[in-house]
Amino acid sequence: MLDLKFVRANLDFVARKQSERGSDIDIESFSSLEQKRRDILQEVEALRSERNTVSKEVGTLKKSGSDAADLIAKMGAVSARIKELEESLKAVEGELHNMMLVIPNIPHDSVPFGRGSEDNPVVRTWGEKPTFDYDPKPHWELGENLGILDFGRAAKIAGARFAVYQGQGARLERALINFMLDLHTEVHGYREVMTPFMVNRESMQGTGQLPKFEEDLFKVSGTNYFLIPTAEVPVTNLHADEIMDEKDLTLKYVSWSACFRAEAGSYGKDTRGLIRQHQFNKVELVKFARPEDSYDELESLTLNAEEVLRRLGIPYQTVTLCTGDLGFSSAKTYDIEAWMPGQEAYREISSCSNFEDYQARRAGIRFRRGDTSKVEHVHTLNGSGLAVGRTFVAVLENFQQGDGSIAVPEVLIPYMNGVDRISLLQ
RNA sequence: GGAGAGAUGGCUGAGUGGCUGAAAGCGAUCGCCUGCUAAGCGAUUGUACGCCCCAAAAGGUGUACCGGGGGUUCGAAUCCCCCUCUCUCCGCCA
């Protein structure tokens, strides 16, 4: 959520920034609603003030045995009026709040203007694409041939967009999770957390999934719980409604979770294989930072995520999302795209964002400065480090061999209990 | 699932209708004192929103907030109702 006072003072700027990301803001109704809120507020506060003063007089009069009937009758009327005003104030504030909740974040100045993903500039490429003396196979063929992936039975027990991992496939998924967690905790200094996979509505609103994107989420029927689409939600909300100590910043968390996405509106996209699933594993990096540090922290967070691919030996490129492709809550986002030989394309494997104070304002995450003891909103950041299912895909497709087996990347061998190749016989 | 108890500031904990934004203690910050440390003395120590002042900061002022929501009353931390969460006991259970 944007700062109400900032929006009020910079309406044209905010509207222009929103249009750059292809979003509209109704300046007129915002202004009139905001003005109305202040008008009512001033009136109701003046009346409350009067009531407070007179009520004290009533107390004094009664104590001294005098008659206060006149004042009491008068205040009865004032209280009734206050009640009326409070109701309309509540209505106006609710409307204004709902309006604020659906205004996306303002892109950072360094975010390039563009209409969509085709306009995202590449900031880095790493690694050499492997060459094959045959047509490299997509992971779903490799996986099913090796008996480590079973989409048919997944469809039988659950439905489309689910997968069953078995044998060395299940082991590989688990190895990737452990490898990533170890790297981020032991080398990059993140603190590991394991959180609930279901959260309440407030948490979803805190990080920006609600109210606007409810159709993308799974709701647990008969409860108020939603399945998390990413560990970003529970981990960021860990500090909701808290005032943090400046000395604890930058606070860095890493969390493995299953992620659940309804994938509404993606019919026909990536219907084969592991790329787009209703449930997948992800290792997520989350940071809470001081405002002046957050853009440096975004750079290091992105590099921390890239390090996973470097150690695995998977080629990738990193792009900056342009204004038209930027996510709702983000001020700036880098996408890391891994090379997938079987699909002959770079595919998104991580998305690293700085939300500035947008989520912090929604969720009430603040910190107190040590020197001035001023309270400010923190900046929140997060990024996949990495999407495990898609990393699984990248390993299969990049390390496939002519005989259909998969060479296990060096760094994963210890996590595979010494197995250095996945082949049919395993 | 059943029975009971509870939720107050950074923490502990008073407070059963007006003198309570909230006692006391602890902690923290600043100052004094002191060979060092400790102790001692003094002061300060919430958040949000509005208005005034204003380049801004600071300041002034008003309102709200004692788990959340609603009600009674001239007036609610305090009385009533609903909800959430925590604790204890019983039952069930990975």
Side-chain angles (χ1 to χ4, degrees), chain A residues 1-10 30-101 194-206 220 222-226 234 237-249 251 258 288 291-292 357 360-378:
Chain A
M1 190 154 54
L2 300 175
D3 180 19
L4 187 65
K5 275 183 268 189
F6 177 83
V7 175
R8 179 166 76 208
N10 303 280
F30 173 86
S31 294
S32 70
L33 212 53
E34 215 285 316
Q35 186 60 49
K36 202 167 160 193
R37 179 184 83 94
R38 275 183 295 160
D39 289 346
I40 300 174
L41 189 62
Q42 280 173 49
E43 192 179 348
V44 79
E45 289 194 347
L47 288 175
R48 280 174 184 160
S49 179
E50 184 187 353
R51 182 178 68 186
N52 287 343
T53 322
V54 175
S55 289
K56 264 180 199 158
E57 284 174 36
V58 171
T60 323
L61 284 176
K62 282 199 162 180
K63 202 170 262 177
S64 67
S66 312
D67 177 40
D70 281 0
L71 287 181
I72 288 176
K74 196 174 150 214
M75 283 307 105
V78 169
S79 276
R81 175 68 181 149
I82 289 176
K83 203 168 176 183
E84 268 174 45
L85 286 171
E86 279 174 342
E87 268 162 35
S88 44
L89 181 66
K90 207 168 151 187
V92 167
E93 282 182 335
E95 221 177 308
L96 196 60
H97 187 67
N98 289 340
M99 195 178 266
M100 293 298 290
L101 281 178
M194 229 186 261
T195 66
F197 291 175
M198 292 181 240
V199 297
N200 56 29
R201 184 169 284 275
E202 290 69 44
S203 295
M204 286 294 184
Q205 189 167 292
V220 182
T223 73
N224 286 315
Y225 299 131
F226 293 88
N237 281 288
L238 237 31
H239 294 287
D241 296 317
E242 288 184 11
I243 299 178
M244 306 174 77
D245 276 343
E246 183 178 18
K247 64 173 160 45
D248 293 333
L249 302 177
L251 188 58
F288 299 83
E292 61 268 39
D357 60 6
R361 186 169 291 106
R362 285 177 165 241
I365 311 170
R366 295 171 296 170
F367 76 105
R368 192 185 302 278
R369 292 221 181 251
D371 47 356
T372 61
S373 76
K374 287 266 289 179
V375 175
E376 284 177 50
H377 287 101
V378 302

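Excluded from the calculations below are hydrogen atoms, water molecules and symmetry mates; all remaining heavy atoms, backbone and side chain alike, are included. All chains are named by letter (A, B, ...) in the order of the sequence lines, taking the proteins before the strands, and each is independently numbered beginning at 1.
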With distance as the sole test, does [X] use its side chain to make a donor-acceptor pair with the main-chain N or O of [Y] at under 3.5 Å?
{"X": "A:R362", "Y": "A:L101", "answer": "yes"}
{"X": "A:D245", "Y": "A:K247", "answer": "no"}
{"X": "A:S79", "Y": "A:G76", "answer": "no"}
{"X": "A:S64", "Y": "A:L61", "answer": "yes"}
{"X": "A:R361", "Y": "A:M1", "answer": "yes"}
{"X": "A:N237", "Y": "A:S203", "answer": "yes"}
{"X": "A:R8", "Y": "A:E34", "answer": "no"}
{"X": "A:T53", "Y": "A:S49", "answer": "yes"}

Please examine the side chains of [Y] and [X], heavy atoms only from C-beta on, and report whether any two atoms are closer than 4.5 Å.
{"X": "A:V378", "Y": "A:D357", "result": "no"}
{"X": "A:V7", "Y": "A:M100", "result": "yes"}
{"X": "A:R201", "Y": "A:N224", "result": "no"}
{"X": "A:I365", "Y": "A:E242", "result": "no"}
{"X": "A:L249", "Y": "A:F367", "result": "yes"}

[atom1] spacing across the pair [N] / [M], given as an integer number of angstrom:
{"N": "B:A77", "M": "B:G17", "atom1": "C1'", "result": "11 Å"}
{"N": "B:C36", "M": "B:C11", "atom1": "P", "result": "35 Å"}
{"N": "B:G18", "M": "B:A5", "atom1": "C1'", "result": "30 Å"}
{"N": "B:G4", "M": "B:G91", "atom1": "C1'", "result": "15 Å"}
{"N": "B:A39", "M": "B:C53", "atom1": "P", "result": "49 Å"}
{"N": "B:G46", "M": "B:G9", "atom1": "P", "result": "14 Å"}
{"N": "B:U8", "M": "B:U86", "atom1": "C1'", "result": "15 Å"}
{"N": "B:A58", "M": "B:U47", "atom1": "P", "result": "12 Å"}

For the pair made of [atom1] in [X] and [atom2] in [N], what is the distance, rounded to whole Å?
{"X": "A:R48", "N": "B:U63", "atom1": "CZ", "atom2": "C1'", "value": "6 Å"}
{"X": "A:D241", "N": "B:U84", "atom1": "CG", "atom2": "C1'", "value": "14 Å"}
{"X": "A:R361", "N": "B:U47", "atom1": "CZ", "atom2": "C1'", "value": "15 Å"}
{"X": "A:I365", "N": "B:U47", "atom1": "CD1", "atom2": "P", "value": "18 Å"}
{"X": "A:I40", "N": "B:G62", "atom1": "CD1", "atom2": "P", "value": "23 Å"}
{"X": "A:N224", "N": "B:G68", "atom1": "CG", "atom2": "P", "value": "19 Å"}
{"X": "A:L47", "N": "B:G75", "atom1": "CG", "atom2": "P", "value": "13 Å"}
{"X": "A:E86", "N": "B:A64", "atom1": "CD", "atom2": "P", "value": "9 Å"}

| message | With a 4.0 Å cutoff (strictly under), does any side-chain N or O of A:R368 reach OP1 or OP2 of B:G10? | response |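 So the side-chain polar atoms of A:R368 never come under 4.0 Å of the phosphate oxygens OP1 or OP2 of B:G10.
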| field | Phosphate OP1/OP2 of B:G75: any A:N52 side-chain N/O under 4.0 Å | value |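 It does not, given that no N or O in the side chain of A:N52 lies less than 4.0 Å from OP1 or OP2 of B:G75.
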| query | What does A:V375 touch in the nucleic acid at a heavy-atom separation under 4.0 angstrom: a base, only the sugar-phosphate, or nothing? | reply |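 Sugar-phosphate: the residue A:V375, judged by heavy atoms under 4.0 Å, touches backbone atoms but no base.
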Protein-nucleotides 26-31 of chain B N/O pairs closer than 3.5 Å?
none

| field | Partners meeting ring pair (Phe, Tyr, Trp, His ring centres under 6.0 Å) with A:F197 (sequence neighbours left out) | value | A:W256
| said: Are there runs of at least three consecutive Watson-Crick or G-U pairs touching RNA chain B, with each pair's two distances under 3.5 angstrom? Give them by first number. | reply: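 If one scans RNA chain B for consecutive Watson-Crick or G-U pairs, the stems found are B:1-7 with B:84-90, B:10-12 with B:24-26, B:27-32 with B:40-45, B:46-52 with B:59-65, B:67-71 with B:79-83.
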| field | Full working for side chain to side chain contact (heavy atoms under 4.5 Å, CB included) between A:V78 and A:M75 | value | CA-CA 5 Å; A:V78 169; A:M75 283 307 105; 3.7 Å; yes
Give me the distances for all protein-to-nucleotides 49-55 of chain B N/O pairs that come in under 3.5 Å?
unit_1 : atom_1 : unit_2 : atom_2 : d
B:C49  : O3'    : A:R37  : NH2    : 3.3
B:G50  : OP1    : A:R8   : NH1    : 3.2
B:G50  : OP1    : A:R37  : NH2    : 2.8
B:C51  : OP1    : A:R38  : NH1    : 3.1

| request: Map A:I243 and A:A46 onto RNA chain B by nearest heavy atom, then report which one ends up closer to the 5' terminus. | output: A:I243
| note | Of A:T53 and A:M75, the one whose nearest nucleotide on RNA chain B sits closer to the 5' end is A:T53
Give me, pair by pair, the N or O atoms of the protein and of nucleotides 18-20 of chain B that are less than 3.5 Å apart, along with how far apart they are.
unit_1 : atom_1 : unit_2 : atom_2 : d
B:G18  : N2     : A:S55  : O      : 2.6

Extract from the structure each pairing of a protein N or O with an N or O of nucleotides 69-73 of chain B at less than 3.5 Å, listing the distance.
unit_1 : atom_1 : unit_2 : atom_2 : d
B:G70  : OP1    : A:K90  : NZ     : 2.5

